[in-house]
Amino acid sequence: MQGRLSAWLVKHGVIHRSLGFDYQGIETLQIKPADWHSIAVILYVYGYNYLRSQCAYDVAPGGLLASVYHLTRIEYGVDQPEEVCIKVFTPRRDPRIPSVFWVWKSVDFQERESYDMLGIYYNNHPRLKRILMPESWIGWPLRKDYIAPNFYEIQDAH
């Protein structure tokens, strides 16, 4: 089933894939990494002026990584704002997705956390560096194939 935004994108020749609706009725779309920045600008101009959240997850051990964006169309006088969920999948070997920092500034720390925990590199992000883990940390702790370092016993020994 195609939602209102997906129908509008098809009408205007914007390449995407509809993933249906979540349990709250929010339309979910899949966008290719190469198309994400231009489609983000289109969505902003269309009225999705608020990035509610961005997160990322590891789809499967050795599989794809996903960056997820929840966008809201805030308008005066509208009680139920229109929402959409965008998923951008990227290969684990070279996980690169264009940053949308220059479209929605609120994504700054959220993309940094996704980089820090999963190693997704957000191209053109102005300050992409670790935010939770020390700069010296090796690896990406939220990947399903991550092997935790064996130094915790030494830290707790005293």
Side-chain angles (χ1 to χ4, degrees), residues 3 5-6 8-10 12-22 24 26-74 81-152 155:
L5 177 61
S6 184
W8 186 86
L9 291 172
V10 167
H12 291 87
V14 179
I15 299 170
H16 70 287
R17 180 175 170 223
S18 178
L19 299 177
F21 297 86
D22 70 4
Q24 294 178 318
I26 297 172
E27 186 175 11
T28 303
L29 304 176
Q30 179 182 343
I31 307 293
K32 291 181 182 176
D35 300 331
W36 172 225
H37 189 268
S38 58
I39 291 176
V41 172
I42 290 168
L43 292 174
Y44 185 83
V45 171
Y46 182 73
Y48 287 95
N49 51 6
Y50 179 65
L51 182 122
R52 193 171 40 139
S53 69
Q54 184 275 334
C55 63
Y57 65 95
D58 190 347
V59 177
L64 297 171
L65 301 174
S67 187
V68 182
Y69 301 82
H70 294 97
L71 307 174
T72 305
R73 191 174 179 177
I74 305 283
E82 190 177 327
E83 298 180 41
V84 67
C85 175
I86 305 292
K87 293 187 177 188
V88 183
F89 294 96
T90 184
R92 158 184 247 89
R93 276 186 297 113
D94 188 23
R96 293 182 176 273
I97 295 174
S99 174
V100 291
F101 174 82
W102 301 107
V103 180
W104 298 284
K105 300 277 195 252
S106 61
V107 80
D108 184 12
F109 284 12
Q110 297 171 48
E111 284 184 344
R112 286 180 59 193
E113 181 180 354
S114 296
Y115 165 73
D116 194 10
M117 296 288 106
L118 291 158
I120 298 173
Y121 186 81
Y122 292 91
N123 297 329
N124 298 320
H125 190 286
R127 293 176 292 278
L128 192 63
K129 61 181 184 176
R130 290 199 180 268
I131 191 169
L132 300 172
M133 306 301 287
E135 287 292 330
S136 60
W137 196 266
I138 298 171
W140 315 108
L142 289 184
R143 285 193 180 184
K144 292 182 178 177
D145 55 0
Y146 178 72
I147 299 172
N150 199 9
F151 64 86
Y152 299 111
Q155 289 180 336

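Given the structure is predicted, the values throughout are model-derived calculations rather than measurements.
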Just do the salt bridge (charged side-chain N to carboxylate O under 4.0 Å, His left out) check on Glu83 and Arg52 with the steps written out, would you? CA-CA 9 Å; Glu83 298 180 41; Arg52 193 171 40 139; 3.0 Å; yes

Does NZ belonging to Lys129 count more than 12 external heavy atoms closer than 6.0 Å? no

Between Trp140 and Tyr115 (judged by ring centroids, cut-off 6.0 Å), do the two rings come close enough to count as a pair? yes

Quick one: sort the Tyr57 and Phe89 rings into parallel, tilted or perpendicular, breaks at 30° and 60°. perpendicular

Salt bridge between Asp116 and Arg130, side-chain N to carboxylate O under 4.0 Å? yes

Exercise: identify the closest heavy-atom pair between Leu118 and Leu65: O-CD1, 3.7 Å

Straight-line distance of Met117 CE to Leu142 CG, nearest 0.5 Å: 5.5 Å

Are there over 12 heavy-atom neighbours, none belonging to Lys32, within less than 6.0 Å of that residue's NZ? no

Using a 4.5 Å cut-off on heavy atoms from C-beta on, say whether the side chain of Leu43 contacts that of Val45. no

For Phe109, does the CZ atom sit with more than 12 other heavy atoms under 6.0 Å from it, leaving out its own atoms? no

Once rounded to the nearest 0.5 Å, what's the spacing between atom CD1 of Ile86 and atom CD1 of Ile39? 8.0 Å

Taking the side chain as every heavy atom from C-beta outward, state whether Asp58 and Arg92 have any pair of such atoms under 4.5 Å apart. yes

Taking the side chain as C-beta and beyond, is there a heavy-atom pair between Cys85 and Leu29 under 4.5 Å? no

Tell me yes or no: between the side chains of His37 and Asn124, is some donor less than 3.5 Å from an acceptor? no

Would you tell me whether Glu82 and Tyr48 have side-chain atoms, one donor and one acceptor, within less than 3.5 Å of each other? yes

Would you say CG of Leu64 has more than 12 non-hydrogen atoms from neighbouring residues, nucleotides or ligands within 6.0 angstrom? yes

In terms of side-chain geometry, is the basic nitrogen of Asp94 or Arg96 positioned less than 4.0 Å from the acidic oxygen of its partner? yes

Which is it for Leu51 and His70 under the side-chain contact (heavy atoms from CB on, under 4.5 Å) test, yes or no, and what are the steps along the way? CA-CA 6 Å; Leu51 182 122; His70 294 97; over 6 Å; no

Looking at every non-hydrogen atom in both residues, tell me the closest pair between Gly139 and Trp137 and how far apart they are. O-CD1, 3.8 Å

Are Asp108 and Arg127 close enough, and set up right, to give a side-chain contact (heavy atoms from CB on, under 4.5 Å), and what steps lead you there? CA-CA 8 Å; Asp108 184 12; Arg127 293 176 292 278; 2.8 Å; yes

Could you report the tightest heavy-atom contact between Arg73 and Gly47, atom names first, then the distance? CG-O, 3.1 Å

Donor-acceptor contact present, side-chain Thr72 to main-chain Ile74, <3.5 Å: no

With no hydrogens and no angle check, just 3.5 Å: does a side-chain donor-acceptor pair link Ser114 and Gln54? yes

Find out whether Val88 and Tyr69 are in side-chain contact, i.e. whether some heavy atom of one side chain is under 4.5 Å from a heavy atom of the other. yes

OG on Ser67 to CD1 on Ile97, rounded to 0.5 Å: 4.5 Å

Between Pro98 and Glu111, what is the shortest heavy-atom contact and its length? O-OE2, 4.5 Å

So which heavy atom on Gly3 is nearest to which on Phe21, and how close? CA-CZ, 3.5 Å

Aromatic plane relationship, Tyr44 with Trp104 - under 30° parallel, 30 to 60° tilted, over 60° perpendicular: perpendicular

Straight-line distance of His16 NE2 to Asp35 CG, nearest 0.5 Å: 11.5 Å

Counting only heavy atoms from other residues, nucleotides and ligands, does the tally under 6.0 Å from CZ of Arg17 exceed 12? no

For Thr28 and Asp22, the nearest pair of non-hydrogen atoms, with its separation, is OG1-N, 4.4 Å

Got more than 12 heavy atoms from elsewhere within 6.0 Å of OH, Tyr46? yes

With the side chain counted from C-beta on, respond yes when Gln110 and Cys55 share a heavy-atom pair under 4.5 Å apart, and no when they do not. no

